[in-house]
Participant: 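Starting off with a structure, shown below.
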Amino acid sequence: MPEIKARTVVVTGSTSGIGLGIARAFAAEGANVVINGFGKADEIEVIRRKLEEEGATTALYHPADMTKPDEIGNLIATASDKFGGVDVLINNAGIQHVAKIEEFPPEKWDQLIAILLSSAFHTMRHAIPLMKAKGKGRIINVASAHGLVASPFKSAYVAAKHGIMGLTKTAALELAQSGITVNAICPGFVLTPLVEKQIPDQAREKGISEAQVKDEVMLRLQATKEFVGIEEVAAAALYLASDAARSVTGTHISVDGGWTAQ
Ligand code: NAD
């Protein structure tokens, strides 16, 4: 997809997991990649340098906390100042918290909604004018199968992911005649730190082995009985960012091993 070369791509939550996989895919296409997320400074610098070794024209790290609207504004402004705009915005940062609604800590609810949903509103409100000025752009929201269906004990996550599906469709309609597309990717279970952290907790809570958590809980609805690969999600992002996808807007691509077909 040579048309990605020299484009500027901002990926929130890209120091790990799916976001890092997406950043690597765009780096390999020669883009300017702005990464974001938490982690140790020296480890992030290793990641940043590796992205340039793998093909990024420039890789830049910005530490914006996705719960802080001012810092989010600064992330987009920094990308724009450095590279003259934002061509592809990928809202990906995420965390999880699993508890019954009546036991769900209200501050966790607020944090999940802020990171998984409100941060995308804030990145978009700053990036859209930049994209409009260029007459083109791509916004890709990493949602989830949980943007389409629910699971118990994940109220904030499921609510935020359903919310971002609505935001995706609304933005797509608002921007339909501006050369800007807005879409979501809905992955099933991908073995990233976010998921790996849940395995021992769920094993303890359910009184089963970690292998059983993987097979009987996580992959129960994933018809392929396999975890989704990070590179499969990244490939969907590359497609949505390409010129070939210019008429694909206001929709989602499920990469979920058949989960939501049931
Ligand atoms: P991960 O834990 O590997 O990565 C999450 C990233 O978000 C990290 O870089 C982390 O530092 C960053 N982050 C967390 N809080 C942040 C904050 N306040 N500000 C800025 N960055 C922050 O998780 P992942 O599995 O790669 O998840 C990435 C996205 O994919 C999330 O939106 C998640 O909901 C979604 N998703 C994951 C799966 C899965 O099975 N792993 C499935 C469907 C959707």
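In this chain, numbering begins with 1 at the start of the sequence shown.
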Participant: side-chain contact (heavy atoms from CB on, under 4.5 Å) for Q96 and K197? Distances and angles first, verdict last.
Facilitator: CA-CA 9 Å; Q96 178 60 286; K197 267 183 241 155; over 6 Å; no

Participant: Do the ring planes of F189 and W259 sit parallel (below 30°), tilted (30 to 60°) or perpendicular (above 60°)?
Facilitator: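 Aromatic pair F189/W259 classed parallel.
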
Participant: Taking all atoms of both residues into account, what is the closest heavy-atom pair of L148 and S254, and its distance?
Facilitator: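 So the two residues come closest at CD1-OG, 3.6 Å.
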
Participant: Provide the closest heavy-atom pair for P129 versus M124 in the form atom of the first, atom of the second, distance.
Facilitator: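 So the two residues come closest at CD-O, 4.4 Å.
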
Participant: To the nearest 0.5 Å, tell me how far N36 CG sits from D65 CG.
Facilitator: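 Answer rounded to 0.5 Å: 8.5 Å.
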
Participant: Do L20 and V228 sit in one hydrophobic cluster, given that two such residues count as connected whenever their side-chain heavy atoms are within less than 4.5 Å of each other, even indirectly?
Facilitator: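 Result: yes, single cluster for both.
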
Participant: Output yes when a side-chain donor or acceptor of Y61 lies under 3.5 Å from a complementary backbone atom of G37, and no otherwise.
Facilitator: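 Judged by distance alone, yes, a pair lies under 3.5 Å.
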
Participant: I'd like to know if the side chain of Q262 and the backbone of L221 have a donor-acceptor N/O pair within less than 3.5 Å.
Facilitator: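 The answer is yes, because a donor-acceptor pair under 3.5 Å joins these two groups.
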
Participant: Under the criterion side chain to side chain contact (heavy atoms under 4.5 Å, CB included), which of T57, N32, V33 is the partner of F83?
Facilitator: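 For F83, the side chain to side chain contact (heavy atoms under 4.5 Å, CB included) check succeeds only for N32.
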
Participant: Report the residue from K134, R138, K136 that forms a side-chain hydrogen bond (donor to acceptor under 3.5 Å, both in side chains) with D87.
Facilitator: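 Exactly one option meets the side-chain hydrogen bond (donor to acceptor under 3.5 Å, both in side chains) with D87, and it is K134.
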
Participant: So, taking the atom named OG1 in T181 and the one named CE in M131, what distance separates them when rounded to the nearest 0.5 Å?
Facilitator: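 Between atom OG1 of T181 and atom CE of M131 there are 8.5 Å.
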
Participant: Looking at every heavy atom in both R7 and S242, which two are closest together, and how far apart are they?
Facilitator: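 Scanning both residues, the minimum pair turns out to be NH2-CA, 4.3 Å.
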
Participant: So does A25 get a backbone contact from the side chain of E29, meaning a donor-acceptor N/O pair under 3.5 Å?
Facilitator: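 No, E29 side chain to A25 backbone: no donor-acceptor pair under 3.5 Å.
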
Participant: About how many Å separate CD of Q222 and CG of D215, when rounded to the nearest 0.5 Å?
Facilitator: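 Between D215 CG and Q222 CD, I get 11.5 Å after rounding to 0.5 Å.
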
Participant: Given side chains that start at C-beta, do those of M218 and I199 come closer than 4.5 Å, heavy atoms only?
Facilitator: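 Heavy-atom side-chain distance check passes, below 4.5 Å.
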
Participant: Salt bridge (charged side-chain N to carboxylate O under 4.0 Å, His left out) between E53 and R49: does it pass, once the steps are laid out?
Facilitator: CA-CA 6 Å; E53 281 163 25; R49 248 188 273 137; 5.9 Å; no

Participant: If you apply the rule side-chain contact (heavy atoms from CB on, under 4.5 Å), what do you find for L219 with E226, and how did you get there?
Facilitator: CA-CA 7 Å; L219 298 180; E226 282 177 18; 5.8 Å; no

Participant: Backbone N or O of A99 within a donor-acceptor pair of the K154 side chain at under 3.5 Å?
Facilitator: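 Not confirmed, K154 side chain does not pair with A99 backbone.
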
Participant: Is the closest side-chain heavy-atom distance between M66 and L75 below 4.5 Å?
Facilitator: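 In short, these two side chains touch, coming nearer than 4.5 Å.
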
Participant: With the 4.5 Å side-chain cut-off for hydrophobic clustering, are I230 and I90 part of the same group?
Facilitator: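 Yes, I230 and I90 fall within the same hydrophobic cluster.
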
Participant: Would you check if the side chain of S80 reaches a backbone N or O of A77 as a donor-acceptor pair within less than 3.5 Å?
Facilitator: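 Here the side-chain-to-backbone pair does not exist.
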
Participant: Under the 3.5 angstrom rule, does the side chain of R48 hit a backbone N or O of A59 as a donor-acceptor pair?
Facilitator: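 Looks like yes, one N/O pair under 3.5 Å.
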
Participant: Tell me which donor-acceptor pairs under 3.5 Å the side chains of residues 107-121 have, and how far apart each pair is, sequence neighbours excluded?
Facilitator:
| from | atom 1 | to | atom 2 | distance (Å) |
| --- | --- | --- | --- | --- |
| K108 | NZ | Q111 | OE1 | 2.9 |
| S119 | OG | I115 | O | 2.7 |

Participant: Under the 4.5 Å side-chain heavy-atom rule for ILVMFWY, direct or indirect, which residues accompany V98?
Facilitator: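 V98 shares its hydrophobic cluster with F153.
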
Participant: With respect to N141, which candidate in N183, N92, N91 satisfies the side-chain hydrogen bond (donor to acceptor under 3.5 Å, both in side chains) definition?
Facilitator: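 The passing option is N91.
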
Participant: Would you say the side chain of V158 lies within less than 4.5 Å of the side chain of H162, judging by non-hydrogen atoms?
Facilitator: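 Yes, their side chains come closer than 4.5 Å.
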
Participant: Looking only at heavy atoms, which two atoms of P187 and D256 are closest? And how far apart?
Facilitator: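 Nearest heavy atoms, P187 then D256: C-CB, 4.2 Å.
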
Participant: For the atom pair NZ (K161) and SG (C186), what is the distance rounded to the nearest 0.5 Å?
Facilitator: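 Rounded to the nearest 0.5 Å, the NZ-SG separation comes to 8.5 Å.
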
Participant: Going hydrophobic residue to hydrophobic residue with side-chain gaps under 4.5 angstrom, can you get from F227 over to I18?
Facilitator: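 F227 and I18: separate clusters.
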
Participant: To the nearest 0.5 Å, how far apart are CG in L51 and CD in E54?
Facilitator: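 Those atoms lie 6.0 Å apart.
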
Participant: Hey, does the side chain of Q212 reach the backbone of S209 with a donor-acceptor pair shorter than 3.5 angstrom?
Facilitator: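 Between the backbone of S209 and the side chain of Q212 there is a qualifying donor-acceptor contact (under 3.5 Å).
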
Participant: Between V11 and S14, which heavy-atom pair has the shortest distance, and what is it?
Facilitator: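 Reported closest heavy-atom pair: O-OG, 2.7 Å.
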
Participant: Using a 3.5 Å cut-off and no angle test, enumerate the donor-acceptor pairs between side-chain atoms of residues 245-253 and protein atoms at least two apart in sequence or in another chain.
Facilitator:
| from | atom 1 | to | atom 2 | distance (Å) |
| --- | --- | --- | --- | --- |
| R246 | NH1 | D243 | O | 2.9 |
| T249 | OG1 | V182 | N | 3.0 |

Participant: Applying side chain to side chain contact (heavy atoms under 4.5 Å, CB included) between T12 and each of T123, V142, V34, report the one that passes.
Facilitator: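 Answer to the side chain to side chain contact (heavy atoms under 4.5 Å, CB included) test with T12 among T123, V142, V34: T123.
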
Participant: Could you tell me whether R220 atom CZ has more than 12 heavy atoms of other residues or ligands within 6.0 Å of it?
Facilitator: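 No.
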
Participant: When rounded to the nearest 0.5 angstrom, what is the spacing between CD in E174 and CG in L167?
Facilitator: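 Going from the CD atom of E174 to the CG atom of L167 covers 9.0 Å.
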
Participant: Treating H62 as the side-chain partner and I35 as the backbone partner, does any N or O pair qualify as donor plus acceptor under 3.5 Å?
Facilitator: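 Side chain of H62 to backbone of I35: no pair is present.
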
Participant: So if you build clusters from Ile, Leu, Val, Met, Phe, Trp, Tyr with side-chain heavy-atom gaps below 4.5 Å, do I139 and V255 land together?
Facilitator: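 As far as the 4.5 Å side-chain criterion goes, V255 and I139 are not connected within one cluster.
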
Participant: Using a strict threshold of under 4.0 Å (side-chain N to carboxylate O), is an ion pair present between K214 and E210?
Facilitator: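 Result for this pair is no, no salt bridge flagged.
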
Participant: Are there over 12 heavy-atom neighbours, none belonging to K132, within less than 6.0 Å of that residue's NZ?
Facilitator: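 Result for NZ/K132: open.
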
Participant: Would you say L89 and M165 are hydrophobically clustered, going by side-chain heavy atoms of ILVMFWY under 4.5 Å?
Facilitator: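 Unlinked, L89 and M165 end up in two clusters.
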
Participant: Measure across A64 and E71 and return the closest heavy-atom pair with its distance rounded to 0.1 Å.
Facilitator: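 It is CB-O, 3.3 Å.
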
